[in-house]
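First the structure, in the form of structure tokens, and then the observations on it.
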Amino acid sequence: MAALIQAHTLSKIYNRHQADEVRALSEVTFSVEAGEAVVLQGPSGSGKTSLLSLIGCMTRPTSGQLRIGEKEVSRLPEPFLARVRRETFGFIFQQLNLLRDLSVLDNILLPLYPADLKTAEMHSRAERVLEQLNLLEKQRMKVAQLSGGEQQRVAIARALINQPEIIIADEPTAHLDSTLSKELLVILEHLKKDGKTIVFATHDPYVYQHRLVDRRFSMHDGVLRKAE
Amino acid sequence: MSARLKILEHALASMARRKQKNFAIIAVYTLTVATLASILFLTQALRNEAANVLLGAPDLVVQRLLAGHHDLIPKQYAEQIAKLPGVGKVTPRVWGYYYDSLKKVNFTLLGVNDASEPPLLAGHLPTSGRQCALGRGIADTYGVEIGDSLVLVDSKNRTLLYEITGLFSHQSSLLTNDLILLPEAELRRFFALPDSQASDLAVQVYNEQEVSTLAKKIKHQLPDTRPIGKMEILHTYDTVFNWRSGIMLTIFSSALIAFCILAWDKATGISAEEKREIGILKAIGWETSDVLLLKFWEGLAVSLSSFLLGTIIAYLHIFFFGAGVLGPVIQGWSVLFPKFDLTPAIDLYQIFALAGLTIIPYIACTVIPSWKNAVTDPDSVMRS
Amino acid sequence: MRILIYLLLCLLLFSSSCFAKQPQQPDKKERCPVCGMFISPYRDWMGTILFKDDSQLFFDGAKDLFRYYFSLPNKNDSRTRDDIAEIYLTDYYSVRLLPVNQLFLVLGSDVSGPMGHEMIPVTGEEAAKTFAKDHNGQKIISFEQLTPQLIPKD
Amino acid sequence: MLLNPGILALLLGCSLAFAMLLYAAWLGLRILSRWDPQSSSEAQLQLERRTYLVSTLTNYAFSFEILSGLLFIFTLEDIHSLFIGAMCATGTLNANQIGWLVLLIKIVLFFTAAIWVHFNRLDQRTEDTPLVRPKYLGLLLLTPLVGLDLLLQYSYFTGLQPEIITSCCGSLFTLGSDSVASELAGLPVEPTMLTFFLAAGIFLILLVLCLSSKLALFRYLLFVASLGLFFVSLAAIVSFISLYIYQMPTHHCPFDMLQANYGFIGYPLYGGLFIGCLYGLLPGLAQLLPKTLSLHIEIEKTERRWLLRAFFAIVIFLLIVAGPILLGPFILLSY
């Protein structure tokens, strides 16, 4: 069986042929099997986030191929990238990127709006993830009124509502204290047990040394290497 | 369908969150709509009033022309016209204008000689020599009531006192505001008019279809006359009002342009917070078209609420507050019409045209800015 | 003496008009039995047949009225021409309903009714001639002279 | 020049629509010249994003163009009282020769614009967007038409002189004069009625055949039948449908039925006819599109919806037509 994520000589150059040309990734080749947890380490500016954006179908590579499951996505027009993004990925961002003056429930439902789902289905899904993340009582509250840990869980709930195969987490612990980091990793471990594939970018040793991580890659100046 | 409605829901929610920004645009938008709607409603109302006035007018009025201007018409013309088949009653009318240099106002003096009481008259018509009946406007100008006297200066510069026997009520003010009724014989004396002539002839025509044929015949038999059909007058009014409101709309289109600039500015000047939000939506799986739909709903909500609000304000302004704000602008009309209360009259077409005039420019102004927002890079969220 | 005669005459006229059957005015829902169109928007053209049993039919013009008249007796209708008490048409100039024998019919004029070409009822021969002159009328006939062939086709 | 609010709204709206289309066409030209679906470059991405702008601009502009047809008729109805002899829109149109031409262009624009919008939507749903080139070529052709519409409307409205004595539908659609309109009005009722119901019957049968079979031939035939039904129906409206609606054997006007006096019945009537014919045309036209797999899948998915819409629209149209004929007391064919 082919790997879930297959990248072949992926390159990404921003502002090409301009004075401020940036070569964010050069010829990255790697693959991730279904159910794996993979970490990208490296200092900031090393290209971790660019690689995550590419894998997460947020942008297109300048060259190279990328397959997600059976689908070649490197040449896909934007709306189809958005569809893949919606159906396959759940994102946990460095900044939580929640809409602070919307309620917990509304935030969680946002990824479902463009999908053609029945209202009942939407709410049953929301209920499931809210329960899973212990947020049922808080669902009517505004995000701004929640504690940091609760906000973190809302962000995860939002990432899970589409029932994604792959979770992408960009520096998830960067703004968390150690207790919350620990809590987050417990949740992620549960998700891995449920069969989700997880791709991290982090330079937090607590994360990349955690037992749930299967493989580690290190990045430097847009080049990917296997890490020890 | 459900996806679209969800996005509408979200659009309304996010507008509610940004009250300040939307308040400014809705306020100005509403003002623009209210201005334009006021002009339209006022014109339409005046048109209807004119039509109502003409309802009671004679089917055909025959004047005599002398050297191109209106002159007295011999009474025997009436007999000649009455002989034409299809003509009912031919009434010679005697009337004239009177200018009071002291009050600087113009009145119409009309002679009456039959006793049939017109509606909306308090008191009774003048019957003998020095009696008169008045419209409200004149009574207010001089501060007189029934039983008082009115002083007029006749053509021989004699000062005459007339006892007021009747007063028209407010409802008929459009017709009677500047009207003074005198017995016909007295009016002839007042203006020193010869008995054998009249100001014009009011001709009753039974069959509306026949009016134009009769007009042609009268013109043929009496070449020095000018027959004017009721429909012709109505038609002239229509033309004048359309033209007037058009001119005013053109003038006020500058307001529209100012509004468009504001709309463009507001749509372009998107806050960092909003930009981040669109980035988040795109990152979690919204397509460009979903964001465009979101923006479309937002625009529609702004347009419709402002449009509704503006129309209601204009309605109240014109029909409940007597078009106060537009007062100076309709000076031209007040020559044509005295002050009076307008009857509410609006049709679907007016609303349609108004919507076309206000909603389309707004949409046109916001389409490019909202596209610019909608194509925000989804990975901008990750790179921030 | 003369006044007395006048008075008597007036009385006579009055009483006769009181006793003779007067046509009713159509209500809003009344339709022409020939073509089905509404009558009341076109009262200036209306014609009506008063039957001896007090029933009354309205037509949107002389043309349709006579079409009906000449079709009697027909299979849709049990009435015959003998059941007719009086026929009224609207005089073009005075826009009043008048008995048909007081009227002349002008054919081929350029005045068209709601049903297109019409035969125009006019009171008195003098007025009928004037009308024919003004409106390019081709022929003036009385009710007795009318035949089905003279009814305008459209 | 008449400064009527409706006229101002029309001219303003059409100018804005034309400006938007001009910009869209200009963008379209640039997209056409640099379009390269094989490239994943930033430039191509920018072009792809521009296509959204083009779609949005054209969708708005075309929606307005379609609405403007309504507003145009509405305005004609409103200002007819300014013209001596005009009793409805026909009289206003007759006041100046360009009026009918504007109406014709508006009808052509309704169909072409709606076809463009539908094919654009199809194209946007495919991953390889095979219609980009034909689409933007079409846009380049449609833009001048909208410009012409604006120009003619402008000269029509500026050319209107209220003093003009015009002829109304009464004289235009009267038998015996020798214009096209009066020939339409003079069409013998029974054969016209037969032709009309025959055309509608063929159309419906072909619709059902298209729904049950995938044969391209049926779609082409349906295309022809839609065109046929459209013109036959317009003739039938003037010839006999109007008579039943007005319940008057001489009133052939195709516009009066849009007035409040007749309960605005003309709007669903014309709406049904226009929408039904539009959706009848689309499946046949879609057969002419390039046969890529992605497009084929999308057409199959959408076509059923088109056919059903065509079906319901025409059924509504037929019900409105047949209602007064079957139920009304108006008897055109006797006496």
Side-chain angles (χ1 to χ4, degrees), chain B residues 48 51-52 54-62 76-92 114 116 201-235 238 347-349, chain C residues 23 25 39-48 59-63 88-99 102-138 140-142 152:
Chain B
N48 280 8
N52 282 341
L54 285 171
L55 226 55
D59 305 300
L60 197 62
V61 172
V62 181
Q76 66 261 30
Y77 278 22
E79 289 147 36
Q80 217 171 329
I81 292 171
K83 278 187 201 133
L84 295 170
V87 172
K89 222 168 124 193
V90 183
T91 322
D114 55 4
S116 64
L201 305 174
V203 180
Q204 181 193 15
V205 180
Y206 292 121
N207 194 338
E208 213 177 277
Q209 275 213 326
E210 193 62 9
V211 171
S212 59
T213 314
L214 279 174
K216 254 182 262 167
K217 271 203 241 177
I218 293 168
K219 181 84 192 152
H220 182 75
Q221 288 188 9
L222 307 163
D224 61 341
T225 58
R226 176 170 65 181
I228 304 165
K230 182 155 72 173
M231 296 318 278
E232 269 178 275
I233 302 175
L234 200 63
H235 174 79
D238 254 10
D347 61 10
L348 204 63
Y349 169 72
Chain C
Q25 287 298 311
I39 304 294
S40 60
Y42 311 100
R43 287 188 185 217
D44 292 0
W45 298 97
M46 157 177 93
T48 178
F59 301 87
D60 53 56
K63 183 169 68 175
Y88 291 91
L89 290 171
T90 306
D91 169 34
Y92 178 81
Y93 281 123
S94 65
V95 203
R96 276 184 307 160
L97 274 180
L98 292 171
Q102 293 182 17
L103 294 163
F104 286 87
L105 299 167
V106 183
L107 301 177
S109 72
D110 58 10
V111 174
S112 50
M115 294 278 296
H117 296 306
E118 260 299 355
M119 35 214 315
I120 311 294
V122 182
T123 329
E125 196 159 12
E126 200 54 40
K129 277 183 183 152
T130 314
F131 177 85
K133 199 173 109 226
D134 289 349
H135 293 289
N136 204 17
Q138 303 299 314
I140 301 171
I141 55 168
S142 64

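Proteins get letters first, then strands, A, B, ... in listed order; numbering begins at 1 in each. Everything numeric here is computed off the predicted structure, so don't read it as measured data.
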For [X], is the [atom1] atom crowded, meaning more than 12 foreign heavy atoms sit under 6.0 Å from it?
X	atom1	answer
C:Lys129	NZ	no
C:Arg96	CZ	no
B:Gln204	CD	yes

| message | Taking the side chain as everything from C-beta on, heavy atoms only, tell me whether B:Lys217 gets closer than 4.5 Å to C:Thr130. | response | yes
Rounded to the nearest 0.5 Å, what separates atom [atom1] in [X] from atom [atom2] in [Y]?
X	Y	atom1	atom2	value
B:Glu210	C:Asp134	CD	CG	6.5 Å
B:Leu214	C:Tyr93	CG	OH	7.0 Å
B:Asn207	C:Tyr92	CG	OH	5.0 Å
C:Asp44	B:Tyr206	CG	OH	13.5 Å

| remark: Okay, C:Val122 and chain B: the region with an atom under 4.5 Å from a heavy atom over there is neither
